[in-house]
Amino acid sequence: MKNNLADLNNHLFAMLEELEDDDLEKDSQQLEKTLKKAMAISSISSQILKVANVQVQAIKTMENCGLVNNDMPALLAIKDSSSETAARQKLLGGAK
């Protein structure tokens with residue numbers, strides 16, 4: 001598994017497809033196992049999205065305060081590259 005939100009989205013849709021498998025209805029043990037897996041994936045996904053939201057809010061705050069990326073705590077793991085800067089600009093509604 002890669003570590004980005006597009007991959008997370010793909011995993012969530014894959015889990016949804018797995019849950020739609022008609023053969024699960026025939027095997028109650030497999031159904032229970034798949035449901036537990038889906039619940040775990042959902043729970044972890046929610047936490048990942050919460051962290052991503054904190055990072056987006058940190059980026060917005062950084063941009064609004066005119067801070068450079070080096071001023072952000074390392075804990076937020078926000079990198080600065082030209083592609084990320086362009087993506088950040090798009091996220092924030094254009095160049096500032």
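These numbers were taken from a predicted model, which means no experiment stands behind them.
- Side-chain contact between Leu19 and Met15 is present, with heavy atoms from C-beta onward closer than 4.5 Å.
- In this structure, the salt bridge (Lys or Arg N to Asp or Glu O under 4.0 Å) partners of Asp23, at least two apart in sequence or on a different chain, are Lys26.
- In the displayed structure, Gln57 atom CD is contacted under 6.0 Å by more than 12 heavy atoms of other residues, nucleotides or ligands.
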Cut-off 3.5 Å, no hydrogens considered: what does the side-chain donor-acceptor table look like for residues 43-51, sequence neighbours left out?
{"residue": "Ser45", "atom": "OG", "partner": "Ile41", "partner atom": "O", "Å": "2.7"}
{"residue": "Ser46", "atom": "OG", "partner": "Ser42", "partner atom": "O", "Å": "3.1"}

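- Under the salt bridge (Lys or Arg N to Asp or Glu O under 4.0 Å) criterion, Lys37 pairs with Glu18, sequence neighbours left out.
- Distance check, rounded to the nearest 0.5 Å: CG of Leu5 to NE2 of His11 gives 12.0 Å.
- Separation of atoms CG (Leu24) and CD (Gln29) is listed at 12.5 Å; rounding is to 0.5 Å.
- Taken together through direct or relayed side-chain contacts under 4.5 Å among Ile, Leu, Val, Met, Phe, Trp and Tyr, Leu12 and Leu35 form part of one hydrophobic cluster.
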